Trainee: 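Here it is, the structure in full.
Here the structure is a predicted model, which is why all the values come from computation and not from measurement.
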Amino acid sequence: MIDKLWYLSQIKLFDKVSPEDMEEINKGTHHAKIRKHTIIQTPDMVREGLFFVKEGALRLYIVNSEGKQFTVGILGKGSTFGEIDSVSLGTHGVYIETIEDTLLCSIGSEQFENFISTRPYIMKRIMRILSDQLKEKNDMLEKMALGTVKDKVLFLLLNLSEEFGVLEDGYHRIDLPLTHQEIGNMIGATRESVTSTINELVKEDIVRTGRKIISIHRELVKGQLFGQE
């Protein structure tokens with residue numbers, strides 16, 4: 001049986017929340033297990049309430065007039081998204097797709113509004129999360145719209161490593177199985193161009209690869225993207 005309180009305690013939004021408040025927010029929450037590559041939101045859908053990623057990962061993306069997909073955000077374990085009356089967490093108007101089997105928890109808008117009305121510190125945390133997610137979305141959009149395929153691959157891998165990276169021998173292994181086709185889908189590029197780019201990065205010792213495994217040297221990636229030594 002799922003221990004809902006334990007899962008809620010792992011959510012960034014509820015960091016340092018008292019046990020009593022955790023019990024209160026736990027009332028009326030719902031869990032859903034969703035399979036990999038399931039689209040749970042489209043731009044014309046309105047999902048009221050807040051959603052918390054307990055396990056798994058989601059990607060937020062848009063589709064241009066030519067039908068190419070461009071990733072604008074990656075949400076991993078502990079992330080929050082959704083819409084309530086007082087604030088939007090920046091996920092309206094985009095596609096949201098699971099990129100691995102995912103466990104979501106949700107809470108209704110009215111219930112959460114009532115909860116935060118007497119807990120202003122929670123609203124401050126929401127605003128910080130909103131600010132971080134909007135910055136990430138804007139940075140991602142800029143790179144995906146203007147960058148070369150190499151820039152797009154590097155920027156995506158850097159973001160994935162920050163959310164899912166495991167440090168091993170100086171490289172951050174992205175703890176998320178990804179094919180070159182899946183990476184191509186995320187950045188609006190062909191599988192062949194992704195493969196060519198990753199092979200180039202391997203030769204430059206910026207990236208290490210295995211079967212559906214990618215590890216990056218973050219400092220070298222940042223040097224390529226931002227001119228850092």
Trainee: What's the spacing between Leu160 CG and Ile216 CD1 if we round to 0.5 Å?
Mentor: 8.5 Å

Trainee: Side chains of Glu204 and Gln224: does their closest heavy-atom pair fall under 4.5 Å?
Mentor: yes

Trainee: Which distance, rounded to the nearest 0.5 Å, do you find between the CD of Glu48 and the OG of Ser109?
Mentor: 5.5 Å

Trainee: Are more than 12 heavy atoms from other residues, nucleotides or ligands located less than 6.0 Å from atom NZ of Lys68?
Mentor: no

Trainee: Is it true that a side-chain atom of Thr98 and a backbone atom of Arg35 form a donor plus acceptor pair closer than 3.5 Å?
Mentor: yes

Trainee: If you draw a 6.0 Å radius around CD in Glu110, do more than 12 non-hydrogen atoms from other residues or ligands fall strictly inside?
Mentor: no

Trainee: Would you kindly confirm whether Tyr171 and Ile183 end up in one hydrophobic cluster when ILVMFWY residues are joined by side chain heavy atoms under 4.5 Å apart?
Mentor: no

Trainee: Distance-only, no hydrogens or angles: does the Thr71 side chain make a donor-acceptor pair with backbone N or O of Met186 under 3.5 Å?
Mentor: yes

Trainee: With a 3.5 Å distance limit and no angle check, can you tell me whether Asp175 reaches the backbone of Val166 through a side-chain donor-acceptor pair?
Mentor: no

Trainee: Please name the pair of heavy atoms, one in Phe52 and one in Leu50, separated by the smallest distance, quoted to 0.1 Å.
Mentor: CZ-CB, 4.0 Å

Trainee: For the atom pair CD (Gln181) and CD (Glu192), what is the distance rounded to the nearest 0.5 Å?
Mentor: 7.5 Å

Trainee: Would you kindly confirm whether Tyr95 and Ile74 end up in one hydrophobic cluster when ILVMFWY residues are joined by side chain heavy atoms under 4.5 Å apart?
Mentor: no

Trainee: Measure the spacing between CD1 of Ile34 and CG of Leu103 and express it to the nearest 0.5 Å.
Mentor: 8.5 Å

Trainee: For the side chain of Glu163 and the backbone of Leu75, is there at least one donor-acceptor N/O pair under 3.5 Å apart?
Mentor: no

Trainee: With ring centroids as reference points, do Phe70 and Tyr61 lie under 6.0 angstrom apart?
Mentor: no

Trainee: Say whether His37 and Glu182, considering side chains only, have a donor N or O and an acceptor N or O under 3.5 Å apart.
Mentor: yes

Trainee: Taking Ile213 as the starting point, is it possible to reach Val207 by hopping between hydrophobic residues whose side chains are less than 4.5 Å apart?
Mentor: no

Trainee: Considering the options Ile174, Val221, Ile206, which one meets the side-chain contact (heavy atoms from CB on, under 4.5 Å) requirement together with Leu157?
Mentor: Ile174

Trainee: Between Gln69 and Asn185, which heavy-atom pair has the shortest distance, and what is it?
Mentor: CB-O, 3.2 Å

Trainee: Would you compute the distance between atom NZ of Lys33 and atom OG1 of Thr38 and round it to the nearest 0.5 angstrom?
Mentor: 14.0 Å

Trainee: Using only atom types and a distance under 3.5 Å, with no angle test, would you say the side chain of Thr102 pairs donor to acceptor with the backbone of Ala57?
Mentor: yes

Trainee: Supply the atom-to-atom distance Asp151 CG to Leu225 CG, rounded to the nearest 0.5 angstrom.
Mentor: 6.0 Å

Trainee: Is any side-chain heavy atom of Val153 less than 4.5 Å from a side-chain heavy atom of Lys150?
Mentor: no

Trainee: Leu176 and Ile214: side chain to side chain contact (heavy atoms under 4.5 Å, CB included), yes or no, with the steps?
Mentor: CA-CA 9 Å; Leu176 189 68; Ile214 298 178; over 6 Å; no

Trainee: Transitively linked via ILVMFWY side-chain contacts under 4.5 Å: Val53 with Val72?
Mentor: yes

Trainee: So Phe81 and Ile96, side chain to side chain contact (heavy atoms under 4.5 Å, CB included) or not? Walk me through it.
Mentor: CA-CA 10 Å; Phe81 67 96; Ile96 301 180; 3.8 Å; yes

Trainee: State whether the side chain of Thr197 and the backbone N or O of Thr195 hold a donor-acceptor pair below 3.5 Å, judged by distance alone.
Mentor: no

Trainee: List the atom of Asp205, the atom of Leu220, and the distance in Å for their closest heavy-atom pair.
Mentor: O-CD1, 3.6 Å

Trainee: Of all heavy-atom pairs between Val94 and Gln41, which one has the smallest distance, and what is that distance?
Mentor: O-NE2, 3.1 Å

Trainee: Heavy atoms only: give me the nearest Ile187-Val194 pair and the separation to one decimal.
Mentor: CD1-CG2, 4.2 Å

Trainee: Look at the side-chain heavy atoms of Ile, Leu, Val, Met, Phe, Trp and Tyr, link any pair under 4.5 Å apart, and say whether Val202 and Leu154 land in one connected group.
Mentor: yes

Trainee: Could you go through His172 and Ser215, starting from their C-alpha distance and side-chain angles, then the distance that decides it, and tell me whether this counts as side chain to side chain contact (heavy atoms under 4.5 Å, CB included)?
Mentor: CA-CA 5 Å; His172 282 81; Ser215 302; over 6 Å; no

Trainee: Among side-chain atoms of Ser196 and Ser193, is any donor-acceptor pair under 3.5 angstrom?
Mentor: no

Trainee: Quick one: are Asp169 and Arg208 in side-chain contact, heavy atoms under 4.5 Å?
Mentor: yes

Trainee: Determine the minimum heavy-atom distance between Lys36 and Pro177, stating which atoms define it.
Mentor: NZ-O, 4.4 Å

Trainee: Given the rule in the side chain to side chain contact (heavy atoms under 4.5 Å, CB included) test, do Lys54 and Leu104 qualify, once you have shown the distances and angles that lead to the verdict?
Mentor: CA-CA 6 Å; Lys54 302 298 190 62; Leu104 290 181; over 6 Å; no

Trainee: Is any side-chain N of the basic residue among Glu97 and Arg59 closer than 4.0 Å to the acidic one's carboxylate O?
Mentor: yes

